[in-house]
**Student:** 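Next up is a structure, given as structure tokens.
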Amino acid sequence: MSTKSSESDTETNIEAASPTNFIREIIDEDLRQGKNDGRVVTRFPPEPNGYLHIGHAKSICLNFGIARDYNGACNLRFDDTNPTKESTEYVQSIRDDVRWMGFEFEKREFYASNYFENLYSFAEVLIQKGLAYVDSLNAEEIRAFRGTLKEPGKESPDRNRSIEENLDLFRRMRAGEFKDGEYVLRAKIDMASPNMTMRDPTLYRIRHVEHHRTGDTWCIYPMYDFTHCLSDSLEGVTHSLCSLEFQDNRALYDWVVANADAPCRPQQIEFARLNLSYTVLSKRRLIQLVEEKLVNGWDDPRMPTLQGLRRRGYTPEAIREFCDRIGVAKADSMVDAALLDFCLREDLNDRAPRVMAVLRPLKVVIENYPEDQVDEFEMPYHPEDESMGKRVVPFSKVLYIEQDDFREDPPKKFFRLAPGKEVRLRYAYYITCTDVIKNGAGEVVELRCTYDPATKGGWSEDGRKVKGTLHWVSAAHAVKAEVRLYDKLFTKENPMDFDEGGDFKDFINPDSIEVLPECLLEPSLADTPPEAKVQFERLGYFCADTRDCKPGAPVFNRITTLRDTWARIERSQNKS
RNA sequence: UGGGGUGUCGCCAAGUCGGUAAGGCAACGGGUUUUGGUCCCGUCAUUCGAGGGUUCGAAUCCUUCCACCCCAGCCA
């Protein structure tokens, strides 16, 4: 349970209002001027053609966050106007993900496909006004007629078709009289516009395919630029927030809303989408990773998809905090993945129970400890939060410690175990290493130690200084487990930067996953439920895997490591 | 001289009427500590893409230039 932030001091009774940004300032000004009768309505409009990722989380937090803070509403609207790419499987996963992120949409779940009939009427309005026409040019011809960035386009021969003929043709398009591609409905705007999106954009195309929601009711489907603005208007959206690449489309957005006699005129505002270092967020690349089996599916714990992050052990709280901290602006940017990591640790530090697990076991025999004795130590689940309770951990003659915690020839500032050195076993006893046993290959396979019975609980009355404290696990009581260590998926900050040539796949981190099949856990972890998050003391935060974790046979994913100052010291020592 | 955008510390990002550069992450010091964790304390932009100009005074105004991003789907 979070023990964070008490009530805000004065007028704001809104919990956790997000920091301000240029969009909120626009809304504040609109409110001041009494626009939209003081209503604020936003929307999160995914196309159900893929899984949501952390970039979508930014948009979700922005839109739902504004609705929450302004006492408004945010609609979840599926922009499902291209049936060839969409499926109910995707809408289901999107609904799950938005809920998981902590946002509600029970009464505010919409589908562009529900507006097909309205949209069709709006199209007829445009035709009646002489602002849309049915064009028989094929796709290649339309492209050729469109002109280039620097040269104006040419008008289609069909551009001046009569209103009656346009209406007739459009109705027959709907009736299914034509084949795919035979005709399209276009807006009649300006083939010479310097804004490419205004050069008579396509409004409807013929597609004889089944739609995941409307079945075969329709064989013509509206395009984004026609659908989106009108859907916003139909829903009474006041502020339609989208990413930067739609800036040019805003002119068309306004044109359609104004000319189709839409019920209201929402305002489109663009912001920069999220880029995160050491990963990719474009749908195309993500699909590639999955299809080429460079990861194990959409919910691979290394994926930046919400499903992947969730399985990895990221919390919605951490992701929301991250989205609040990165801000919203119009400059293209690349956010440091370290910030996400920070938000994660900040959240997990408060909430994850502390437990002990040895990932790479090294056997330790306490020579002066009675053969069949077992001490039971009561250990708190959290050093700063008593409310999390305690559990009992058994201690016996044969233990395991981490291989990294012993050095036969310790470097400077290494204050873990070494021959002749004394360390503390957390909450247990002080032990001193008396002997090192090696195998034929010269590898250390076992340590012989003695313990000081007077240090029970892990402290000494004589005030003796012991710098190192190690985690441990009793051999006789340990639970075996598989633990998967994950690291960043790419070795390059921006895998999409090809200045030095290559492909983003060239930068995949070969060590992004390491599976340790024989880890040893303290017995309390035997039946960890899937998705539970804990801190393995001194190692990091770990999450019981949702797919593979079984009672009695736990499987853990490393969410992230703890800050490791020693690793840093050692690195700088090796340099000098 | 196609159009639309953006440029403030290594990474994000405030900076409302011009008044003398918030904050966070990262990094680096130090303290506390039975996690080399947490926590605490401190350091970290004479400078705002560059050059001119206006002004007592400019990141904010004017001007020239430079760099980067987006647009030629019957995708969204």
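Any value given below was found using the heavy atoms of this structure, including those in side chains, with hydrogens, waters and symmetry copies removed.
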**Student:** Contact class for A/N249 (heavy atom, under 4.0 Å): base, sugar-phosphate, or nothing?
**Tutor:** base
**Student:** Looking at A/E384 and B/G37, is any side-chain donor or acceptor paired with a base atom of the opposite kind under 3.5 Å?
**Tutor:** yes
**Student:** For atom P, what is the distance between B/C74 and B/U63, given to the nearest Å?
**Tutor:** 38 Å
**Student:** Between A/Y120 and A/R174, is there a cation-pi geometry (under 6.0 Å to ring centre, at most 45° from the normal)?
**Tutor:**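 Judged by the rule (NZ or CZ under 6.0 Å from the ring centre, within 45° of its axis), A/R174 counts as positioned above A/Y120.
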**Student:** Side-chain N or O of A/R563 less than 4.0 angstrom from OP1 or OP2 on B/U38?
**Tutor:** yes
**Student:** Taking atom P in both B/G10 and B/G53, what distance in whole Å separates the two?
**Tutor:**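 That atom pair is separated by 28 Å.
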**Student:** Please name the nucleotide paired to B/U54 by Watson-Crick or G-U wobble geometry with both distances under 3.5 Å, or report none.
**Tutor:** none
**Student:** Is the NZ or CZ atom of A/R213 both under 6.0 Å from the centre of the six-membered ring of A/Y111 and within 45° of that ring's axis?
**Tutor:** yes
**Student:** So, do A/L252 and A/P201 sit near enough that their side-chain heavy atoms are less than 4.5 Å apart?
**Tutor:**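 Contact flag for A/L252/A/P201 side chains = yes.
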**Student:** Take atom P in B/A26 and the same atom in B/G37, then report the distance between them in whole Å.
**Tutor:** 13 Å
**Student:** Remember a base hit wins even if backbone is also touched, and classify A/R416 as base, sugar-phosphate or nothing at under 4.0 Å, heavy atoms.
**Tutor:**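 Base, at least one base atom sits under 4.0 Å.
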**Student:** From CZ of A/R354 over to P of B/U35, roughly how many Å is that when rounded to an integer?
**Tutor:** 11 Å
**Student:** Examine A/Y429 together with A/F395 and report whether their ring centres are nearer than 6.0 Å.
**Tutor:** yes
**Student:** Counting just side-chain N and O atoms, does A/R207 come under 4.0 Å of either OP1 or OP2 of B/C75?
**Tutor:**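 Checking B/C75 against A/R207, a side-chain N or O does come within under 4.0 Å of OP1 or OP2.
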**Student:** Without decimals, in angstroms, what is the distance between A/D350 CG and B/U38 P?
**Tutor:**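 Rounding to the nearest Å, CG of A/D350 and P of B/U38 are 12 Å apart.
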**Student:** Determine the Euclidean distance between corresponding P atoms of B/C25 and B/U20; express it in Å to zero decimal places.
**Tutor:** 26 Å
**Student:** At under 4.0 Å between heavy atoms, what does A/P383 touch on the DNA or RNA strands: base, sugar-phosphate, or nothing?
**Tutor:** base
**Student:** Testing the 3.5 Å rule here: is there a donor-acceptor pair between the side chains of A/R43 and A/H228?
**Tutor:**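 Present: a donor and an acceptor within the cut-off.
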**Student:** Calculate the interatomic distance between A/L562 atom CG and B/U35 atom C1'; express it in whole Å.
**Tutor:**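 A/L562 atom CG is separated from B/U35 atom C1' by 7 Å.
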**Student:** Could you note down all residue pairs passing salt bridge (Lys or Arg N to Asp or Glu O under 4.0 Å) where residues 193-205 of chain A supplies at least one of them, sequence neighbours left out?
**Tutor:** A/R159-A/D200
**Student:** Grab the N/O contacts between the protein and nucleotides 71-73 of chain B below 3.5 Å, and write none if there aren't any.
**Tutor:**
{"unit_1": "B/A72", "atom_1": "O3'", "unit_2": "A/R146", "atom_2": "NH2", "d": "3.3"}
{"unit_1": "B/A72", "atom_1": "O2'", "unit_2": "A/R146", "atom_2": "NE", "d": "3.1"}
{"unit_1": "B/G73", "atom_1": "OP2", "unit_2": "A/R146", "atom_2": "NH2", "d": "3.0"}

**Student:** For B/C75, does OP1 or OP2 lie under 4.0 Å from any side-chain N or O of A/T84?
**Tutor:** no
**Student:** With a 3.5 Å cut-off and no angle check, do the side chains of A/D232 and A/Y253 form a donor-acceptor pair?
**Tutor:** yes
**Student:** Counting the atoms with a prime plus P, OP1 and OP2 as sugar-phosphate, which does A/F415 contact under 4.0 Å by heavy atoms, base, sugar-phosphate, or nothing?
**Tutor:** base
**Student:** For B/A76, does OP1 or OP2 lie under 4.0 Å from any side-chain N or O of A/T227?
**Tutor:** no
**Student:** Across all strands shown, which nucleotide pairs with B/U20 by Watson-Crick or G-U wobble geometry, both distances under 3.5 Å?
**Tutor:**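 Pairing partner, where one exists within any strand: none, as none qualifies.
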**Student:** Determine whether A/Y427 and A/P380 make a side-chain contact, defined as any pair of heavy atoms from C-beta on separated by less than 4.5 Å.
**Tutor:** yes
**Student:** Does the side chain of A/Y541 reach to within under 4.5 Å of the side chain of A/L344, using non-hydrogen atoms?
**Tutor:** no
**Student:** If you look at every strand shown and take non-hydrogen atoms under 4.0 Å, does A/F78 touch a base, only sugar-phosphate, or nothing?
**Tutor:**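 A/F78: no heavy atom of the nucleic acid under 4.0 Å.
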**Student:** Could you work out the separation of B/A50 and B/G23 based on their C1' atoms and round it to a whole Å?
**Tutor:**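 Rounded to whole Å, the distance is 28 Å.
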**Student:** Between the side chains of A/R24 and A/D28, is the shortest nitrogen-to-carboxylate-oxygen separation below 4.0 Å, so that they form an ion pair?
**Tutor:** no
**Student:** Let me know the distance between CZ of A/R538 and C1' of B/U33, rounded to the nearest Å.
**Tutor:**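 Computing the A/R538:CZ to B/U33:C1' distance gives 14 Å.
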**Student:** Whole angstrom is fine here: how far is it from CZ in A/F342 over to C1' in B/A26?
**Tutor:** 11 Å
**Student:** Evaluate the criterion side-chain hydrogen bond (donor to acceptor under 3.5 Å, both in side chains) for residue pair A/N249 and A/T197; output intermediate values, then yes/no.
**Tutor:** CA-CA 6 Å; A/N249 300 245; A/T197 79; 5.3 Å; no
**Student:** Which value, in whole Å, describes the distance between the P atoms of nucleotides B/C65 and B/A27?
**Tutor:**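 These two P atoms come out 42 Å apart once rounded.
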**Student:** At 4.0 Å (heavy atoms only), tell me whether A/L137 reaches a base, stays on the sugar-phosphate, or touches nothing.
**Tutor:**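 Base: the residue A/L137, judged by heavy atoms under 4.0 Å, touches a nucleobase.
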**Student:** Across the strands shown, which category fits A/Y183 at heavy-atom distances under 4.0 angstrom: base, sugar-phosphate, nothing?
**Tutor:** nothing
**Student:** Could you tell me how far B/A21 sits from B/A59 if I compare only their C1' atoms? Round to whole Å.
**Tutor:** 8 Å
**Student:** When you check the glycosidic angle of B/G73, does it come out syn, meaning within 90° of 0, or anti?
**Tutor:**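 B/G73: syn.
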**Student:** Rounded to whole Å, please give me the gap between CG in A/N138 and P in B/C74.
**Tutor:** 11 Å
**Student:** Across all strands shown, which nucleotide pairs with B/G73 by Watson-Crick or G-U wobble geometry, both distances under 3.5 Å?
**Tutor:**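 Matched B/G73 with nothing under the 3.5 Å cut-off.
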**Student:** Would you tabulate the nitrogen or oxygen pairs shorter than 3.5 Å linking the protein to nucleotides 13-16 of chain B?
**Tutor:**
{"unit_1": "B/G15", "atom_1": "OP1", "unit_2": "A/E25", "atom_2": "OE2", "d": "3.0"}

**Student:** Regarding A/V184, tell me which of base, sugar-phosphate or nothing describes its non-hydrogen contacts under 4.0 Å with the strands shown.
**Tutor:** base
**Student:** Just call it for A/T81: base, sugar-phosphate, or nothing, with non-hydrogen atoms closer than 4.0 Å on any strand.
**Tutor:** sugar-phosphate
**Student:** For A/W566 and B/G36, do the ring centres fall under 5.5 Å apart while the planes stay under 30° apart?
**Tutor:**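 Base of B/G36: stacked against A/W566.
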**Student:** Hey, does A/K467 reach any base, or is it just sugar-phosphate, or nothing, if we go heavy atoms under 4.0 Å?
**Tutor:** nothing
**Student:** Just one of A/D135, A/D158, A/D225 clears the salt bridge (Lys or Arg N to Asp or Glu O under 4.0 Å) bar with A/R186, so which one?
**Tutor:**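 Running salt bridge (Lys or Arg N to Asp or Glu O under 4.0 Å) over A/D135, A/D158, A/D225 with A/R186 returns exactly one hit, A/D135.
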**Student:** Side chains of A/R426 and A/T469: any donor to acceptor distance under 3.5 Å?
**Tutor:** no
**Student:** Which nucleotide, in any strand shown, forms a Watson-Crick or G-U wobble pair with B/U43, with both distances under 3.5 Å?
**Tutor:**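 Its partner is B/A27 (Watson-Crick or G-U wobble, both distances under 3.5 Å).
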**Student:** Which whole number of Å gives the distance between the P atom of B/C39 and that of B/G7?
**Tutor:**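 Taking atom P in both B/C39 and B/G7, they lie 33 Å apart.
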**Student:** Could you check how far CG of A/L252 sits from P of B/G4, rounded to whole Å?
**Tutor:**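 Spelled out: CG on A/L252 to P on B/G4 is 16 Å.
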**Student:** Specify the separation, in whole Å, of atom CG of A/N275 and atom C1' of B/U6.
**Tutor:** 14 Å
**Student:** Whom does B/G7 pair with, Watson-Crick or G-U wobble, provided both distances fall under 3.5 Å?
**Tutor:** B/C66
